[in-house]
Each structure stands twice: as structure tokens, then as C-alpha cells.
> 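Please find one structure pasted underneath; my questions will follow.
Lettering follows sequence order; numbering is per chain, from 1.
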There are 2 protein chains.
Amino acid sequence: MAERPDLAAMLGGLVRSLVALETPVLEEHRLSMWGYVVLSALDDSPVRTQAALAQAIGADKTRIIGTLDELQDAGLISREPDPADRRVRLLAITETGRERRRAAQDRIQAKEERLLARLPAADRAAFLRAAQALAAE
Amino acid sequence: MAERPDLAAMLGGLVRSLVALETPVLEEHRLSMWGYVVLSALDDSPVRTQAALAQAIGADKTRIIGTLDELQDAGLISREPDPADRRVRLLAITETGRERRRAAQDRIQAKEERLLARLPAADRAAFLRAAQALAAE
DNA sequence: TATTGTTATACTCTATAACTATA
DNA sequence: TATAGTTATAGAGTATAACAATA
């Protein structure tokens with residue numbers, strides 16, 4: 001009877017194969033992994049500062065600057081100084097960005113579905129519920 | 001009603017927090033993350049070649065050499081040329097290695113338990129079962 | 001002086017390709 | 001010549017700290 005493998009190792013391997021699965025899709029849609037994460041965060045709601053966005057996605061504030069530059073150059077996000085405090089940048093997804101993100105997300109979720117299809121329906125629902133609860137920190 | 005977040009992003013965040021949780025424990029036990037992964041693999045069964053070990057843990061064969069050097073120097077693994085083919089290195093965990101790994105694993109699993117304790121018992125069992133099934137590739 | 005965002009630097013990981021030793 | 005392991009090189013990703021602009 002096998003002992004339970006370490007959770008981190010187990011999930012780490014799973015994440016690696018998911019990333020491998022999704023990277024080609026993102027490339028087709030001309031999005032980097034971080035770009036996709038940022039678009040997803042902004043699609044849920046706009047954010048008032050870059051630091052807040054960085055924290056929301058678990059990144060360093062210096063780490064997302066290049067990503068924001070690219071997304072802005074591609075017209076996928078807007079990024080304007082707040083008139084009330086010109087130090088901060090107001091961040092929001094554009095309509096183009098939303099479309100791009102949705103298109104990528106549809107393909108990605110379809111691939112994820114194929115993976116999840118291996119699970120019995122009950123386990124599958126519980127897995128998603130549990131993952132969401134645990135990821136909520 | 002919130003849409004389902006992307007699986008990869010969700011699990012990726014979860015893995016990050018697990019790693020953050022476990023890194024201090026590994027440091028206490030003087031193990032690197034890869035060192036722990038290697039010990040865990042060898043604790044399940046010895047391996048005949050370094051390339052096979054690398055593949056088993058999803059790493060590159062060049063990537064684990066430094067790790068194997070450290071583990072060997074610390075007396076946690078044995079690594080001898082196969083008399084039948086002196087190109088290959090027979091790898092096995094030592095008794096010291098086993099003890100070190102078990103000690104770290106106990107502490108790590110205890111921390112994981114505390115995290116999993118948030119879940120209803122049924123979801124928790126289903127989550128582990130599903131994660132194991134999906135990670136099995 | 002404190003805060004937001006940016007740039008610069010160094011450091012760690014990783015991937016690729018040469019190299020050695022055995023076969 | 002083919003294979004297991006090793007070393008060397010370069011590239012990507014990341015963290016830290018210094019910097020500029022604004023408050």
C-alpha cells in the first residue's frame with residue numbers, strides 16, 4: 001500500500017504538466033504566462049496600483065513591469081496616472097484585451113476539461129471546490 | 001457568481017504557498033527542495049541510472065548532478081558504478097538518508113494536514129484522490 | 001519624509017551543447 | 001559508434017537595492 005506522496009510534489013508535477021499543456025495555446029494567442037495572469041486579474045476588476053496588482057497575483061511589483069509594458073503596447077490594457085495622485089497608475093483591461101483573454105481562456109479551459117474528464121464526476125466537483133478553497137489562502 | 005478560475009493559476013498559487021510553508025522545514029533539516037525530491041524517490045525504490053532518476057522526478061539529467069553530489073557528500077545516498085556496466089551509477093538511499101527524509105516528511109505532512117483541515121472531510125479525501133490521479137499523468 | 005513606479009545589479013535556475021569514460 | 005555521466009556556457013527568471021517622480 002503506497003503512502004501518500006507529498007502534496008507539494010504531487011501538485012507541482014500537475015502544475016508542470018498543465019503549464020506544458022497551456023503554453024502552446026498562449027503562444028497562439030500571443031500572450032505570455034504572466035500576461036495571461038495579469039489580463040485575468042484585470043478582467044475580474046480594475047486595479048488602482050501596480051503594487052496591488054502584483055500582490056493580487058503573487059508577484060513582485062518589479063516583476064510585472066515588463067509584462068505591463070507589453071500588454072499596454074499591444075493595446076490589451078490601459079494604464080494611466082491617477083489624476084488624484086499622479087504617482088499611481090490606474091490599470092484596466094481594454095475591450096481588445098478582454099476578447100483576447102476570453103479566446104485564450106476558452107481554449108485553455110477546454111484542455112483542462114479533457115484532463116479533468118478522467119475523474120469521477122463527484123471527485124471532480126470536490127477537487128475543484130477544494131482547490132478553490134485552498135488557493136483562497 | 002464567480003466563474004471558475006483557471007486551474008493552472010489556482011494550483012500554481014497553491015503550490016507557491018505550499019513551497020513557502022515547506023522551505024523553512026527543509027532548511028532545518030539541511031535539505032534542498034531537489035534534495036528532498038530525490039531522497040523521496042529513492043526511498044520508494046533504488047534506481048539504476050541517474051537519467052532514469054531524473055526522468056522519474058521530471059528533471060533534466062544535468063540538473064540533478066549537483067544535488068546528487070551534495071546528498072552523497074552528506075552520506076544520505078550511495079552512488080556506485082555498476083560492476084556490470086561501469087558507465088552507470090547505482091543509486092540508493094542510505095539509512096541516514098532515510099531517517100533524514102522521514103523526519104522532514106513528518107514535519108511537512110503535519111503542516112500540510114493543517115492546511116487540508118480547512119476542507120470538509122469528504123472533499124478532502126476526494127481532493128487527495130483526484131490530485132493523485134491527475135498527477136499520475 | 002514617505003510612497004509609487006522604474007531601472008540596474010547581481011544571483012539563481014535552467015537548457016544546450018561540448019566533453020570523458022566506458023561499452 | 002553509441003551511451004551514461006559530467007562540465008561549461010549562455011540564457012531566462014527573479015530578488016534586492018538604488019533611483020526618479022510625486023505627494
> Suppose we screen for ring pair (Phe, Tyr, Trp, His ring centres under 6.0 Å). Which residues come up paired with A:Tyr36, at least two apart in sequence or across chains?
none
> If we count only N and O atoms by modelled type, under 3.5 Å, do the side chains of B:Ser40 and B:Arg101 hold a donor and an acceptor together?
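Yes, side-chain donor-acceptor contact under 3.5 Å.
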> Would you say B:Arg79 reaches D:dT6's phosphate, i.e. side-chain N/O to OP1/OP2 under 4.0 Å?
yes
> Over how many whole Å does the gap from A:Arg48 atom CZ to C:dT3 atom P extend?
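Those two atoms, CZ and P, are 14 Å apart.
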> Could you tell me the separation between the CE atom of B:Met33 and the C1' atom of C:dT12, rounded to a whole number of Å?
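B:Met33 atom CE is separated from C:dT12 atom C1' by 14 Å.
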> Which whole-number value in Å describes the distance from B:Ile77 CD1 to D:dG5 C1'?
14 Å
> Between C1' on C:dT22 and CD on B:Glu80, what's the gap in Å once rounded to a whole number?
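Result: 18 Å.
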> Using 0.5 Å steps for rounding, measure from the CG atom of A:Leu53 to the CD1 atom of A:Ile64.
4.5 Å
> Round to a whole Å and report the spacing from CD1 of B:Ile65 to P of D:dT9.
16 Å
> Could you state the atom-to-atom distance from CG of B:Leu53 to C1' of D:dT6 in whole Å?
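After rounding, the reported distance stands at 16 Å.
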> Can you tell me how far apart CG (A:Leu91) and CD (A:Gln72) are? Round to the nearest 0.5 Å.
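Rounded to the nearest 0.5 Å, the CG-CD separation comes to 9.0 Å.
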> Between B:Glu95 and B:Arg98, is there a side-chain N and carboxylate O pair less than 4.0 Å apart?
yes
> Summarise how protein sits on nucleotides 11-23 of chain D as a single string, 5' to 3': B when a protein heavy atom is under 4.0 Å from the base, S for sugar-phosphate-only contact, - for no contact.
---SSBB----BS
> Tell me the interatomic distance from A:Ile64, atom CD1, to C:dT7, atom P, rounded to whole angstroms.
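So the two atoms are 13 Å apart, to the nearest Å.
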> Assess whether a salt bridge exists between B:Arg124 and B:Glu113, defined as any Lys/Arg side-chain N lying under 4.0 Å from an Asp/Glu carboxylate O.
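Yes, B:Arg124 and B:Glu113 are salt-bridged.
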